[in-house]
Amino acid sequence: MLKVALIGPAGQLGTEIVASKPGEVELVPLGRNALDITRPGEAESVLITLRPDVIINTAAYVRVDDAEDEAEEAFRVNALGVKYLAMAAKKTGAVLVHISTDYVFDGGKKPSPYNEDDAPNPLNTYGISKYAGELYVANFTGSHYIVRLAGLYGRAGASGKGGNFVYTILNKAKKGEPMKIVDDIHMSPTNAADAAREIWRLITEERPFGLYHASNGGVCSWYEFAVKIAELAGLKADITPVPHTAYKTKARRPLWSPLESERGIRPRDWEDALKDFIGSL
Ligand SMILES: NC(=O)c1ccc[n+]([C@@H]2O[C@H](COP(=O)([O-])OP(=O)(O)OC[C@H]3O[C@@H](n4cnc5c(N)ncnc54)[C@H](OP(=O)(O)O)[C@@H]3O)[C@@H](O)[C@H]2O)c1
């Protein structure tokens, strides 16, 4: 039986990875109390005892704006912690599955979504720290999957962010609060349950190691995403499109970061995935 250690099991993505565990897998959830990836030596000692075949790392510092003021902490989790994990994976011979982000891209002029062959150039500290993590995984382990996701939403809400965009829009729409949502930033929103299924597929089908884009398919602006959330929930919402310059944020964000895969990941469209999510609430 395949033994899989999951880091960040209570997070938004981790919760869905637990929920969609295939029958032939023994899953060992490792919460932060069992393994804090930022503590030097801890990953190695925990994983040498556990001897998993596969390690899935969903742990991250995900507060994009705060990362500008807390760069050391962002790097401690997203880069150094990942280095410790990569070294432990190499030492124990485990396959490392590491989750990354569309924010490794700069959103520069591109007529189509980014695929795995496009060159990263992150604009903000979160993206730079996540890209550094990718480099540690790619260069410190032989057997790895780096899975980039975008605009993630799931039942658990991002514990690091205190919710997610879908919950925020639903709550405001229910209260009848008017909303101003950015319509000039485009991405591929991703249902965490779909992402979890793709991750399990990579592992159980023993797909070639390397980098994969696994967001839901298609492209939308945050405004279009918000309108669709309210529509699918049957809520009347007062949503006004605004340019990103209407909000002052600490972190610069890529204006264009939809993802697609050239490596055989064929996820369903974001609207279908969102419909399922809203229906399940
Ligand atoms: N959210 C998005 O929109 C988005 C978009 C693209 C990519 N991603 C990537 O997707 C992955 C999962 O994101 P998510 O939304 O599921 O995040 P999340 O809900 O915040 O979950 C992250 C998990 O990591 C754990 N964690 C944080 N620091 C840790 C540490 N030092 N040691 C061990 N565990 C630690 C957290 O535990 P605690 O609960 O104890 O803090 C939490 O359970 C991340 O790699 C993120 O960069 C997210």
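Remember, it's 1-based here, ligands and their atoms both numbered in the order they're listed.
Between Glu73, Glu42, Arg32, it is Arg32 that holds the heavy atom closest to atom 37 (O) of ligand 1. For the residues Pro9, Ser129, Gly14, Ala59, the heavy atom positioned nearest atom 26 (N) of ligand 1 is part of Ala59.
Among the atoms of Ala10, none of the N or O lies under 3.5 angstrom from an N or O of ligand 1. Residue Thr101 places no N or O, backbone or side chain, under 3.5 Å from any N or O of ligand 1. Residue Ile99 has at least one nitrogen or oxygen atom sitting less than 3.5 Å from a nitrogen or oxygen atom of ligand 1, judged on distance alone. Checking only distances, Val77 never comes within under 3.5 Å of ligand 1, N or O to N or O. Backbone and side-chain nitrogen or oxygen atoms of Leu152 are examined, and one is located within less than 3.5 angstrom of a nitrogen or oxygen of ligand 1. Considering backbone and side-chain N/O of Gln12, one or more are found under 3.5 Å from N/O of ligand 1. For a threshold of 3.5 Å applied to N or O pairs, the pair formed by Val62 and ligand 1 contains no separation below that value.
Between the side chain of Lys130 and the backbone N or O of Pro122 there is no donor-acceptor pair closer than 3.5 Å. Listed for the Glu68 side chain is a donor-acceptor partner under 3.5 Å among the backbone atoms of Thr125. Listed for the Asn78 side chain is no donor-acceptor partner under 3.5 Å among the backbone atoms of Gly133.
Contact between Tyr126 and ligand 1 is present, with at least one heavy atom of the residue lying under 4.0 Å from the ligand. Ligand 1 is approached by Gly151 to a heavy-atom distance shorter than 4.0 Å. Under a 4.0 angstrom heavy-atom cut-off, Leu35 registers as being in contact with ligand 1. In this structure, Gly154 falls outside the shell of residues with a heavy atom less than 4.0 angstrom from ligand 1.
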Phe165 vs Tyr153, ring-ring contact (aromatic ring centres under 6.0 Å, His included): CA-CA, chis, key distance, verdict
CA-CA 7 Å; Phe165 187 78; Tyr153 60 88; 9.4 Å; no
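Listed by atom number, the atoms of ligand 1 under 4.0 Å from Thr38 heavy atoms are 31 (N). Of all the atoms in ligand 1, the ones that sit under 4.0 Å from a non-hydrogen atom of Asp36 are 30 (C), 31 (N), 32 (N). Near Thr58, with a cut-off below 4.0 Å to any heavy atom, the atoms of ligand 1 are 11 (C), 12 (C), 22 (C), 44 (C), 45 (O).
A salt bridge links Glu134 to Arg148: one of the charged nitrogens lies within less than 4.0 Å of a carboxylate oxygen. Ion pairing between a basic and an acidic side chain is recognised when a charged N comes within 4.0 Å of a carboxylate O; Asp65 and Arg253 show such pairing.
Looking at Ile37 against ligand 1, both its backbone and its side chain come within 4.0 Å, counting heavy atoms. Heavy atoms of Ala150 found under 4.0 angstrom from ligand 1 belong exclusively to the backbone. Of the heavy atoms in Lys130, only side-chain atoms (C-beta onward) come closer than 4.0 Å to ligand 1. Using a 4.0 Å cut-off between heavy atoms, Ser100 contacts ligand 1 through its backbone alone, with no side-chain atom that close.
In summary, of the residues considered (Ser188, Cys220, Pro258), a side-chain contact (heavy atoms from CB on, under 4.5 Å) with Trp270 occurs for Cys220 alone.
For the pair Lys110 and Tyr114, the cation sits on the ring face: its NZ or CZ lies under 6.0 Å from the ring centre, inside 45° of the axis. A cation-pi arrangement is present between Arg63 and Tyr61 under the rule of less than 6.0 angstrom and at most 45 degrees off the ring axis.
Using the six-membered ring where Trp is involved, His186 and Trp256 have ring planes that are tilted, between 30° and 60° apart. Classified by interplanar angle (parallel below 30°, tilted 30° to 60°, perpendicular above 60°), the ring pair Tyr126/Tyr103 is perpendicular.
Residues forming a ring-ring contact (aromatic ring centres under 6.0 Å, His included) with His144 (at least two apart in sequence, or on another chain): none.
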